[in-house]
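To start, the structure under review is shown below, and the notes come after it.
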Amino acid sequence: MNESHTLPAAQILRVITAGSVDDGKSTLIGRLLYDSKAILTDQLEAIGKSRFQRTTDGSIDLSLLTDGLEAEREQGITIDVAYRYFNTAKRKFILADAPGHEQYTRNMVTGASSADAVIVLIDATRVINGELLPQTKRHSAIAKLLDVQHVIVAVNKMDLIGYDQAKFEVIAAAYRALATSLNLQAPNIIPISALTGDNVTSASSNMPWHTGKSLLDLLEALPATQRTFSKFRFPVQWIIRAEGNTADDFRGIAGRIATGQISVGDFIKVAGTAQSAHVREIRLGEQTLTRAIAGQSVTLVLDHDVDISRGDTLIRAEESAEARSDFSADLCWLDTEAFNPNRKYWLKHGTRTTYAKITAVESVLDVNTLSHDIASDDQSTLRLTLNAIGRVRLTAQHPLIADSFAESKITGAFVLIDPASHQTAAAGMIRARA
């Protein structure tokens with residue numbers, strides 16, 4: 001039997017840049033790609049001839065490597081999340097360049113949801129008296145909500161402040177205070193210049209006082225993200241039938257393994273029911289596997305038919321999975337239309353979509369003060385508007401086989417959808433039973 005091969009997780013690091021607009025995120029990723037020789041000659045020629053060049057000294061505008069949309073190059077801003085792939089001798093990287101503008105915070109949430117590490121960029125010229133910009137605080141709060149394991153702070157544009165160590169230390173102290181208030185793990189803080197390459201891929205002679213690693217050295221040395229949740233979760237995507245008019249026609253259960261692994265012969269059941277069966281075959285395209293792991297999209301063939309449909313979740317028969325109708329969650333509100341307490345929303349969790357109602361808004365984070373506004377008894381004073389971050393209680397029409405986000409980023413996450421406009425209203429992280 002053929003087995004599929006997957007790259008060891010330790011070799012791949014998913015990284016997202018975050019911070020305020022004009023902090024230099026696109027230029028930093030361009031610099032990493034350029035200095036690590038991950039750019040083809042024709043790409044360099046193309047951006048060198050671009051009419052959107054923003055440099056005046058004849059040097060290449062590295063930000064154009066990630067700002068691929070026409071509107072981005074015209075306006076000199078990042079709008080959508082741009083993904084770039086490169087590797088060094090030690091590691092492979094997937095880099096996501098997230099927008100800095102507040103109106104595109106939803107794009108940052110999308111990119112950060114699968115990131116192992118976040119690089120928070122801070123423009124050293126824009127921090128006055130140690131006061132960080134609101135979007136820096138918001139993106140840091142989102143990184144915490146989404147449980148990004150590693151936080152790196154890159155204090156950029158050090159060349160514009162004369163590589164001043166004292167100013168860097170003020171900024172570093174301000175971010176450490178922010179990290180403490182958000183309960184983020186202790187960040188690695190590096191002074192850099194994405195434009196000139198100082199401390200990006202190698203040590204800077206302009207900042208001999210910085211004795212730590214360069215940004216790339218640090219990224220290569222970060223430990224692999226540890227995912228301890230090993231329970232088998234298989235949200236059913238589709239039931240595949242072939243022929244359908246004979247007693248022995250093919251019937252396969254298709255989906256993507258969310259967590260855990262499964263082997264031929266394992267005893268599984270439909271979560272929330274007493275229906276169970278043994279796995280007779282595992283198919284991946286035209287291959288037949290003896291074992292499949294999280295992240296693989298496979299078709300399971302059972303030893304006998306059971307009642308299964310899209311939206312169900314398969315689990316190991318010996319493992320537990322609690323069905324929840326009421327739970328608390330953290331929401332990042334992504335819709336331009338504010339939350340309406342009188343409305344129901346579609347809740348999409350895995351392959352299941354059901355109606356849900358937010359029964360209470362318990363608190364909302366003030367990104368300027370980093371304090372939480374707590375709801376009063378009548379629950380009428382708190383509102384969820386665009387980019388707001390809040391703790392809520394929800395009730396779903398149908399129970400969900402959901403784990404807490406702390407246990408699993410896959411089965412602990414969901415989105416709310418406005419049924420009238422079909423806009424994504426919020427991204428949610430399940431915390432506990434309400």
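Every heavy atom of this structure was used, including side-chain atoms; hydrogens, water molecules and symmetry mates were not.
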Could you tell me whether [X] and [Y] have a side-chain N and a carboxylate O separated by less than 4.0 Å?
X      : Y      : result
Lys157 : Asp23  : no
Arg393 : Asp326 : no
Asp97  : Lys25  : no
Arg316 : Asp266 : yes
Asp312 : Arg352 : yes

Query raised in the report: Run the side-chain contact (heavy atoms from CB on, under 4.5 Å) check on Arg283 and Val298 step by step: do they pass?
Result: CA-CA 6 Å; Arg283 299 190 179 188; Val298 297; over 6 Å; no
Side chains of [X] and [Y]: does their closest heavy-atom pair fall under 4.5 Å?
X      : Y      : answer
Gln165 : Met158 : no
Val170 : Asn129 : no
Leu32  : Val200 : yes

Requested in this report: Examine Tyr163 together with Trp209 and report whether their ring centres are nearer than 6.0 Å.
Outcome: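 Tyr163 vs Trp209: aromatic centres not under 6.0 Å.
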Query raised in the report: Is there a salt bridge (charged side-chain N to carboxylate O under 4.0 Å, His left out) between Arg431 and Asp330 once you walk through the steps?
Result: CA-CA 7 Å; Arg431 297 307 179 191; Asp330 288 321; 2.6 Å; yes
Requested in this report: Look at the rings of Trp346 and Tyr355 and say which category their plane angle falls in: under 30° parallel, 30 to 60° tilted, over 60° perpendicular.
Outcome: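 Answer is tilted, since the angle falls between 30° and 60°.
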Query raised in the report: Does Arg343 make a cation-pi contact with Tyr345 (under 6.0 Å, within 45 degrees of the axis)?
Result: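 Verdict for Tyr345: a cation-pi partner in Arg343.
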Report task. Tell me, with the steps shown, if Glu131 and Lys137 meet salt bridge (charged side-chain N to carboxylate O under 4.0 Å, His left out). Result -> CA-CA 10 Å; Glu131 181 58 36; Lys137 298 176 183 178; 2.7 Å; yes
Query - Exam field: side chain Glu319 to backbone Phe232, donor-acceptor pair closer than 3.5 Å - result: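 At least one qualifying donor-acceptor pair exists.
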